[in-house]
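Encoded as structure tokens, the structure appears first; notes follow it.
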Amino acid sequence: MHGIQNSSLQHSRGFTLLDLLIVLAILGVLFGLAIPSFKNAVAGVHASSARSAISTTLFDGLRHATVLGQQVVVCPAVESQCIGGTDWSRGWIIFIDSDGDRLRGPGEQILRREAELPTGVHLNGTVGRQRVVYQPNGSNAGSNITFTLCDRRGPESALALILSNGGRLHSAHPSPAAAANCANGL
């Protein structure tokens, strides 16, 4: 009889295949819920970092123009050359525009270079404004420029950053069309 009790105790200490499958199913559900939330949190951090980078760049451009008393250009760029267009996601540069042609020449110093944005983050500028040109007095030539920043969370999480001609930057909700256009670039 002693042997029977021992054997039934040993049997009750183990896991059955059914127990293991239930635990795996619960873990699968938990991971299924946690992974999208984690991805959204990472996307939010990347978008916040991109917002900080473009804001810092625009303020640096303004500061350099006024301190140096020279025209300074901020433009979307690959390597050390402006690429034109409205897509700033591939990176951007600030340079001293010594000759005033708004194109970076061989002798024109790059003041800052920002790398490509992380995958899943997109930054568009206003159509018709392919660069920001700061004058020595701190104003920028042309009309206001609006940057639309979005990430993999979708158009509802998009943000507009509006730079006035006077150099002031503020944020707002983008138009639904601008947010959708930005999200389509992802």
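Counting from 1, the numbers follow the sequence of the chain as shown.
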Hey, is the main chain of [Y] close enough, under 3.5 Å, to the side chain of [X] for a donor-acceptor pair?
X	Y	value
N140	S164	yes
S48	G44	no
R131	G84	no
E108	S98	yes

Other residues, nucleotides, ligands: >12 heavy atoms within 6.0 Å of E79 CD: no
Which atom pairs, one a donor and one an acceptor, fall under 3.5 Å between side chains of residues 170-180 and the rest of the protein, sequence neighbours left out?
{"from": "S171", "atom 1": "OG", "to": "R51", "atom 2": "NH2", "distance (Å)": "3.4"}
{"from": "S175", "atom 1": "OG", "to": "A178", "atom 2": "N", "distance (Å)": "3.0"}

Can you list the other members of the hydrophobic cluster that holds [X], where links are side-chain heavy atoms under 4.5 angstrom apart?
X	result
L62	I54, L58, F59, L68, V72, V74, W88, W92, I94, I96, L111, L117, V121, L123, V132, Y134, I145, F147, L149, L159, L161, L163, L169
V78	I83
F38	V42

Of all residues at least two apart in sequence or in a different chain, which pass the side chain to side chain contact (heavy atoms under 4.5 Å, CB included) check with [X]?
X	value
N184	none
A77	I93
T119	R152
L18	T16, I22

Distance in Å, F95 CZ paired with Q70 CD, rounded so as to fall on 0.5 Å steps: 12.0 Å
Nearest-0.5 Å distance that lies between atom OG in S139 and atom CG in N165: 7.5 Å
Disulfide (SG to SG under 2.5 Å) contacts in which one or both residues fall within residues 126-172, not counting sequence neighbours: C150-C182
Qualifying disulfide (SG to SG under 2.5 Å) pairs with a residue from residues 54-100, counting only residues at least two apart or across chains: C75-C82
What closest approach, in Å, do [X] and [Y] show between heavy atoms, and which atom pair accounts for it?
X	Y	result
G85	P76	O-CG, 4.0 Å
Q135	A65	O-CB, 3.5 Å
Q81	R104	NE2-NH1, 3.4 Å

side-chain contact (heavy atoms from CB on, under 4.5 Å) assessment of R102 paired with Q130: CA-CA 10 Å; R102 300 178 180 190; Q130 297 182 7; over 6 Å; no
Contact check, side chains of H122 and D151, non-hydrogen atoms, under 4.5 Å: no
Residue that, paired with T126, satisfies side-chain contact (heavy atoms from CB on, under 4.5 Å) out of N144, T146, T86: T146
Sequence neighbours excluded, every pair satisfying salt bridge (Lys or Arg N to Asp or Glu O under 4.0 Å) that has a member inside residues 84-101: none
Any residue meeting salt bridge (Lys or Arg N to Asp or Glu O under 4.0 Å) with D60, in chain and number order, not counting sequence neighbours: R63, R112
